[in-house]
Amino acid sequence: MAIVNRGFVGRRDRESRRLPPGQYTTLDFPVLSAEPTPSIPLEKWSLAVQSADHRAKTLSWEEFRALPHDDVTTDIHCVTRWSKFGTRWRGVSFDTLLSVLPFEPAPYVMAHCHGGYTTNVPLADLVGGRGWIADTYDGEPLAPEHGGPARLLVPHLYFWKSAKWVRRLRFMTQDTPGFWEERGYHMYGDPWREQRYS
Ligand SMILES: Nc1nc2c(c(=O)[nH]1)N[C@H]1C(S)=C(S)[C@@H](COP(=O)(O)O)O[C@H]1N2
Ligand SMILES: [Mo]
């Protein structure tokens with residue numbers, strides 16, 4: 001029987017296991033926006049969370065900033081095939097957000113953005129420390145072109161699910177396609193299963 005030394009794992013091998021199929025790594029931070037970057041003054045910013053039965057909780061920027069924040073270091077994967085390793089964010093987790101809602105959530109969430117972009121994510125993928133509303137990148141306020149003042153961060157799904165300039169989160173009882181999902185992108189978007197298109 002051949003003796004195979006599995007103790008040594010080279011850098012390329014480690015990286016390829018960290019890289020979902022069909023992706024390449026970049027050190028840049030590309031900007032991908034379907035719409036022009038909106039300019040949102042913080043005093044006008046708010047985040048509305050809507051229940052499936054049309055109740056709403058709205059947070060001002062100050063209220064949002066006062067919620068406990070987490071530090072998150074994670075890899076991100078865009079469906080156009082770039083991945084970026086070790087990105088550093090800070091934001092409010094969905095677990096924290098749900099804890100301040102005066103109503104029950106529903107199984108699906110539609111994120112609505114300034115400029116009209118939307119995307120759908122199952123609630124199960126946002127809770128349990130897997131989804132955030134991020135307002136900080138690399139120790140600095142999130143830049144406008146990357147979704148500032150605040151964006152979704154759902155790094156285990158393709159990055160189109162991480163909606164920039166989020167303004168409203170709407171709970172839904174049924175999964176409904178958002179902007180790219182209506183145009184043929186996958187409803188779920190798992191990069192490890194290459195769920196790029198439906
Ligand atoms: N509002 C909004 N959010 C968006 C997009 C967009 O066009 N509009 N593009 C998505 C896509 S396809 C990707 S890859 C990421 C890109 O984020 P970045 O520009 O910060 O790299 O944002 C996602 N969120
Ligand atoms: Mo993307």
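Just follow the structure's listing: the first ligand is 1, and inside any ligand the first atom is 1.
The proximity of W82 to ligand 1, defined as any non-hydrogen pair under 4.0 Å, is limited to the side chain. In Y158, neither the side chain nor the backbone holds a heavy atom less than 4.0 Å from any atom of ligand 1. Under 4.0 Å from ligand 1, not a single heavy atom of F179 appears. At a heavy-atom distance under 4.0 Å, only side-chain atoms of R151, from C-beta outward, approach ligand 1.
Where the criterion is an N or O separation shorter than 3.5 Å, residue side chain and backbone included, H146 meets it with respect to ligand 1. Inclusion of V31 in the set of residues having an N or O under 3.5 Å from an N or O of ligand 1 is not warranted.
Distances from atom 24 (N) of ligand 1 to the heavy atoms of G178, S162, G115 show the closest one on S162.
Side-chain contact between R196 and R81 is present, with at least one heavy-atom pair separated by less than 4.5 Å.
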T136 vs L142, side-chain contact (heavy atoms from CB on, under 4.5 Å): CA-CA, chis, key distance, verdict: CA-CA 5 Å; T136 304; L142 182 59; over 6 Å; no

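Side-chain contact, R168 with Q50: a donor N or O sits under 3.5 Å from an acceptor N or O. Residues H69 and D135 bring a donor and an acceptor atom of their side chains to less than 3.5 Å of each other. A donor atom on one side chain and an acceptor atom on the other are found under 3.5 Å apart for R170 and H112.
No single ILVMFWY cluster, assembled from side-chain heavy atoms under 4.5 Å apart, contains both M187 and L126.
Among all protein heavy atoms, the one lying closest to atom 7 (O) of ligand 1 is A34 N, 2.6 Å. Here the protein heavy atom with the shortest distance to atom 12 (S) of ligand 1 is W160 CB, 3.4 Å. For atom 14 (S) of ligand 1, the nearest non-hydrogen atom of the protein is C78 SG, 3.3 Å. Among protein heavy atoms, the minimum distance from atom 8 (N) of ligand 1 is reached at E35 OE1, 2.9 Å. The nearest protein atom to atom 23 (C) of ligand 1, hydrogens excluded, is given as F159 O, 3.4 Å; this is a heavy-atom distance. Given atom 9 (N) of ligand 1, the protein heavy atom at minimum distance is L32 O, 3.1 Å. Of the protein's heavy atoms, K164 NZ, 2.6 Å lies nearest to atom 19 (O) of ligand 1. P30 O, 2.6 Å is the protein heavy atom nearest to atom 21 (O) of ligand 1.
Exactly one residue among D138, D75, D70 makes a salt bridge (Lys or Arg N to Asp or Glu O under 4.0 Å) with R88. That residue is D138.
For ligand 1, the atoms lying closer than 4.0 Å to a non-hydrogen atom of C113 are 1 (N). For ligand 1 and A163, the ligand atoms under 4.0 Å from any heavy atom of the residue are 3 (N), 24 (N).
Aromatic ring centres of Y185 and W160: separated by under 6.0 Å. Separation of the W165 and Y117 ring centroids does not fall under the 6.0 Å cut-off.
Ion pairing between E181 and K161 holds under the 4.0 Å rule for side-chain N and carboxylate O.
In this structure, F159 and W82 have perpendicular ring planes: the angle between them is above 60°, well past the 30° mark.
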